[in-house]
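Down below is the structure, laid out as structure tokens.
Just so we're clear, the structure is a prediction, and the values are computed from it rather than from any experiment.
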Amino acid sequence: MSLVAAEDNSAAKIHVPAEINWEMLDKSKFFFLGAALFSGVSFSLYPIIVLKTRQQIFPTRIPCLKMAESILRRDGYRGFYRGFTTSLVGTIPARALYMGALELTRTNVADIASRRLRFSEAKASAAANAAAGVSAAAAAQLVWNPIDVVSQRLMVQDSLSLSSRRRYSGGVDAFAKIVCENGVRGLYRGFGVSILTHAPSNGAWWASYSVVYRAIWDGIGGGGGRGGEVAVQGMSAAVASGVSALVTMPLDTIKTRTQVMEGGESESGGMIRVARDMVKEGGFGACYRGFGPRWASMSVSATAMITTYEFLKRLSTKNQEIFA
């Protein structure tokens, strides 16, 4: 092949930015910086999660602005951060599990898909991202589910009629009372539906993100430098989040209501009763209460997460010269 032909062929091909894999990362820097960066992201997005959670547990639909005004009037700004400390304590180890499982699975599956199964680069990337999303979500839920149960009960206790012994003064008190009343299984209420919600959702999100990301790069011709790369990451995350939110919202609503239930009813029985009660309250539309905040939360958090995550990986690479 002549030099001119080689240059023409290179110019015609769109080069997606090189992906940083597990072997390229300084693991101690990756997890330490990740804990700091994602704690900041969690703080910024927590009020939206509080709004979504409260909307899901009410038997009637309450607009977001009205709900926000009610929280602000009753508790001030700290009302938007009920359960945040508990949530943050759990987020750090859960996020570490998530990132570790994500990168290990993605690297190994991509290698198998491209070398053994002879997938194209695009198909191998989509398959690796889908598998990585499923495994990362499943691993993180082992830690996150108990924290989710505790933090969600703190978020909504002022909106529910609870006896004094079931009111909580903080995360430690809530943890102790839940274990005392229902044992360790009380902390894993909603675990089954959490896996059913988050594992496929994460798999679909990462796979669709990979496809959309490549499609946008192809559409813009691969230009724009680092700023263009961040913009493409954000747009891809928002599109992937919209699809994921629409598909998984009913299960997420059932999960949230199951987790804030009192008593010792079995998880499967509780889920069935919750689903039946929701349909009685407002038909299938009741499953989509809190959809606006959830879509906004997922889109904003996914955009913040992916741009922060890619920035974190760049900061954590062993050889920074490859990005100079």
Side-chain angles (χ1 to χ4, degrees), residues 11-21 33-34 37-38 40-49 51-52 64 95 98-99 102-103 105-106 109-110 119-134 136-137 197-249 252 288 290-317 322-323:
K13 186 176 180 181
I14 303 300
H15 292 283
V16 176
E19 191 167 309
I20 303 168
N21 63 32
L33 290 176
L37 287 172
F38 283 109
V41 172
S42 296
F43 180 83
S44 301
L45 299 174
Y46 197 77
I48 301 177
I49 297 172
L51 283 173
K52 184 270 295 184
C64 277
R95 183 67 68 179
Y98 185 96
M99 294 190 302
L102 183 76
E103 291 302 327
T105 304
R106 181 158 51 191
V109 173
F119 282 9
S120 66
E121 184 182 353
K123 288 182 179 179
S125 177
N129 276 284
V134 171
T197 301
H198 292 294
S201 172
N202 262 264
W205 190 93
W206 279 103
S208 57
Y209 172 79
S210 173
V211 172
V212 174
Y213 182 75
R214 286 175 173 272
I216 295 177
W217 268 108
D218 183 65
I220 65 175
R226 176 60 184 153
E229 185 180 346
V230 172
V232 172
Q233 289 168 355
M235 288 187 287
S236 303
V239 172
S241 298
V243 175
S244 182
L246 187 65
V247 171
T248 61
M249 187 67 198
D252 186 71
Y288 281 86
F291 178 69
R294 184 166 190 252
W295 192 324
S297 173
M298 285 186 69
S299 296
V300 175
S301 64
T303 301
M305 181 275 292
I306 197 65
T307 52
T308 301
Y309 191 62
E310 293 298 339
F311 177 64
L312 168 65
K313 287 170 70 175
R314 283 174 174 270
L315 289 178
S316 304
T317 51
I322 61 174
F323 298 112

Taking side chain to side chain contact (heavy atoms under 4.5 Å, CB included) as the test, write out the residues that go with [X], two or more places apart.
| X | answer |
| --- | --- |
| T307 | V230, Q233 |
| A207 | A130 |
| V109 | T105, A128, A131 |
| S236 | Y209, V212, Y213, I216, V232 |

Do M298 and M249 have side chains that get closer than 4.5 Å, going by heavy atoms? no

Are the side chains of R214 and E121 in contact, using a 4.5 Å heavy-atom criterion?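 SC-SC contact between E121 and R214 confirmed.
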
Which residues share a ring pair (Phe, Tyr, Trp, His ring centres under 6.0 Å) with F43, sequence neighbours left out: Y81, F84

Run the ring pair (Phe, Tyr, Trp, His ring centres under 6.0 Å) test against Y288 and tell me which residues pass, sequence neighbours left out. F284, F291

With sequence neighbours left out, what residues match R106 under salt bridge (Lys or Arg N to Asp or Glu O under 4.0 Å)? E19, E103

Please report the shortest heavy-atom distance between A304 and V41, naming the atom on each side.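 In terms of heavy atoms, the two residues are closest at CB-CG1, 4.0 Å.
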
By side chain to side chain donor-acceptor pair (under 3.5 Å) - contacts of [X] (at least two apart):
| X | result |
| --- | --- |
| T248 | R294 |
| S299 | W295 |
| S244 | S201 |
| N202 | Y98 |

